[in-house]
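Position 1 is the first residue of the sequence; numbering continues from there.
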Amino acid sequence: MSPIYFSFSSAFILGLMGLAFNRSHLLSALLCLEGMMLSLFIAIALWSMTLNSVSCSTIPMILLTFSACEASAGLALLVATTRTHGSDLLRSMNLLQC
């Protein structure tokens, strides 16, 4: 495995581990998701560059678009939970209660 692919896969795994083990704040979970999406974007962009195909070059842009939509939805949820609960602590809110 080349060092470039190792760095992107380790960035994805670190984001996944941060999402799994550090679930105290909503903002930290959203940042881990963004790190995972950016590492996927860079990996798919490098993969499409190595294929030298025009048809595969749109896939990273679609992934980046979905990542931007995910970030905006996450920020809206962060603002809504901060307004209703007073903080972004995941332990302080009961997700099963409206």
Side-chain angles (χ1 to χ4, degrees):
M1 182 183 289
S2 69
I4 294 172
Y5 293 120
F6 177 72
S7 64
F8 295 130
S9 63
S10 64
F12 182 81
I13 290 172
L14 281 175
L16 188 64
M17 286 175 51
L19 185 63
F21 295 130
N22 190 12
R23 292 182 284 172
S24 59
H25 291 278
L26 182 61
L27 184 62
S28 65
L30 291 174
L31 285 174
C32 289
L33 282 174
E34 279 299 312
M36 290 169 56
M37 289 297 285
L38 287 177
S39 67
L40 276 177
F41 168 73
I42 293 172
I44 290 176
L46 284 176
W47 175 69
S48 67
M49 285 174 50
T50 57
L51 287 180
N52 291 329
S53 176
V54 178
S55 64
C56 292
S57 64
T58 60
I59 295 172
M61 295 307 291
I62 292 171
L63 183 71
L64 193 64
T65 304
F66 284 136
S67 177
C69 293
E70 178 257 334
S72 65
L75 185 61
L77 284 173
L78 179 70
V79 168
T81 55
T82 304
R83 283 184 180 174
T84 57
H85 297 291
S87 70
D88 68 334
L89 286 174
L90 291 176
R91 293 184 185 136
S92 68
M93 63 182 97
N94 190 0
L95 296 176
L96 297 175
Q97 190 178 33
C98 291

*Taking the side chain from Ser67 and the backbone from Leu63, do they hold a donor-acceptor pair closer than 3.5 Å?*
no

_Cys69 to Ser72 - nearest heavy-atom pair and separation_ = O-OG, 2.9 Å

*At their closest point, which heavy atom of Ala45 faces which heavy atom of Ser48, and how far apart are they?*
O-OG, 2.9 Å

*Side chains of Leu40 and Phe8: closer than 4.5 Å at any heavy-atom pair?*
no

*Could you grab the distance from atom CG of Leu14 to atom CG of Leu19, nearest 0.5 Å is fine?*
12.5 Å

_Joint cluster assignment, Met36 & Ile13, ILVMFWY side-chain distance < 4.5 Å_ = no

*Look up atom CZ in Phe12 and atom CE in Met17, then write down how far apart they are to the nearest 0.5 Å.*
13.0 Å

*Given the rule in the side chain to side chain contact (heavy atoms under 4.5 Å, CB included) test, do Leu78 and Leu75 qualify, once you have shown the distances and angles that lead to the verdict?*
CA-CA 5 Å; Leu78 179 70; Leu75 185 61; 4.3 Å; yes

*asked:* Taking CG in Leu89 as the centre, count heavy atoms belonging to other residues, nucleotides or ligands within less than 6.0 Å. Is the count above 12?
replied: yes

_Hydrophobic cluster membership, with links at side-chain heavy-atom distances under 4.5 Å among I/L/V/M/F/W/Y: are Ile4 and Ile44 in one?_
yes

*asked:* Do Ile59 and Leu64 land in one hydrophobic cluster if side-chain heavy atoms of ILVMFWY residues count as linked below 4.5 Å?
replied: yes

_Minimum side-chain heavy-atom gap Glu34-Leu30 below 4.5 Å_ = no

_Could you measure the distance from the CG atom of Leu16 to the OG atom of Ser9? Nearest 0.5 Å is fine._
12.0 Å

_Taking every non-hydrogen atom, the tightest pair across Cys32 and Gly15_ = CB-O, 3.5 Å

*Hey, could you give me the CG/OG1 distance between Leu27 and Thr81, rounded to the nearest 0.5 Å?*
10.0 Å

*How many angstroms lie between CD in Glu70 and CG in Leu33, if you round to the nearest 0.5 Å?*
5.0 Å

*Over all heavy atoms of both residues, which pair between Ser28 and Asn22 is shortest? Give the atoms and the distance, please.*
OG-O, 3.7 Å

